[in-house]
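As the structure lists them, so they are numbered: ligands from 1, and atoms in each ligand from 1. Keep in mind the model is a prediction, meaning the values are calculated, not measured.
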Amino acid sequence: MILVLKRTFSMLFACFLRASGALWWARRRLRLSGAIAVLTFHRVLPDQDFEGTDSLAGMVVRERTFQKLAAYLSCRFEPVGLLDAEPGGANRKLRAMVTFDDGWKDTMSVALPIAHAHGIPIAVFLCPGLLDRAAPFWPENAANALKREQPGISAARVEALIETLKARSRADRDRLLRDLFPFPTIPYPADRTLTWEDVLRMKKMGVTIGSHTMNHEILPALCARAARREVRESKEVIAKLLNQTCEVFAYPNGDCGGGVDAIVAEEGYRLAFSTQCGPWMPDSDRRRIPRANVSEDNVTFFGKFFSGARFEYTTIWRMYRTMERARCADRELPERQVEAAAAGRSL
Ligand SMILES: [Zn+2]
C-alpha cells in the first residue's frame, strides 16, 4: 500500500514538474552547461519475455515502451554516439547517449532495430567470458530458484533478497546459493547473451563495443591483481576479435571504488562509466562518468504506458539536481575554507 502511494505521488510530481515547466528548465540548464545525458539500459523484451524473464525489474523495458521512448528521444533530444561526442559546447537540444550493459541477446534482436529506425546510435558493454550463454549472471539464477522454491513470491521480495546477496563476497554468496538452492536452475529461454557473430554484426552496424570486465566481477571485491586481469583481458579479447582498440568501459554494478578506477585508466581505457546518477559534464572525471538507469517502472505510469514526464523526472530531473548540488558545493567550498582559515588564525 505504501509502495503504491509512493509511486502515485512520484507520478503526480512528475506531471507537476512537466506542467510547471520545471522539466523543460532542467533540460535547458543541462543543455546550456554542455552536458550529455547518458542512459543505461540492460534489456528490451517483447511482452511474453518481459513476463517470463528472471532478470530483475530494474533491468527490463518492454519492447513497446522502448519504441515510444526511442521516438521521444529522437524528437526532444539529440541522440549522439559514445565515441562521437564530448561534453561542452553549444547545442540546439540536450544530447542523449544510449548504452546497454551485459551484452544480452535482445540488445541486438529487439533494441537495435528500434534504435536504428529512430536514428539513435547505441553502445554495448559486454563481458567476453560470458557470451553465448544461458543466464550467465547469478541474479537471474537466484531469482529463478527463488521463484521455483516459493511460487507467488513478489518481485520486490526477490529484488530485496538479491540486493542482500550483492553485499556478500563472491565465495560467500556462491556457498549460500548452493546451500539454499542445490537443484540446477532452468533458465528462461530468452535469458541468453550475444554470440561473437552477433557482436561482429553489431559492430558492422555501427554499434560501439566496450568492456564490462571479462566475467562481470564486482571489481572492488577482488584483489588488485585479479581486478586488473578482468579489466585487461576483456580489453585484449575484444580488441583481437573486433580488430580495433577497445577504449570504453562500464563497471559491473557501477562499483568503481577501492582504486579500480585507477586500474581502468592505467589499462588504457579512455572513458569509464559508472551507474551513479548524474549528467556527463565537461569537468566530469572520465574514469567515473555518471549515467541514469532506465527501466519499465521509471518510464511508465503504473507499468501501463510510456510517459515522457516520468522518464524525464527519473533521469533528466535527477541529473539536473545532481548538477545543481555539485555547483552549490563548489560555491560553498571557498567560503568554508575562508571560515576555517579565519578560525585557525583566531586560535
Ligand atoms: Zn552489468
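Residue H216 counts as close to the Zn ion (ligand 1), with an N, O or S atom under 2.8 Å. At least one N/O/S atom of D102, from backbone or side chain, sits under 2.8 Å from the Zn ion (ligand 1). Contact annotation: H42 places no N, O or S atom under 2.8 Å from the Zn ion (ligand 1).
Counting only heavy atoms from C-beta outward, the side chains of V110 and P46 approach each other to under 4.5 Å.
Between F16 and F13, the two ring planes are parallel [angle under 30°; tilted spans 30° to 60°]. Ring geometry for H216 versus F137: interplanar angle over 60°, hence perpendicular rather than tilted (30 to 60°).
Taking the six-membered ring where the residue is Trp, the centroids of W104 and F41 are separated by 6.0 Å or more.
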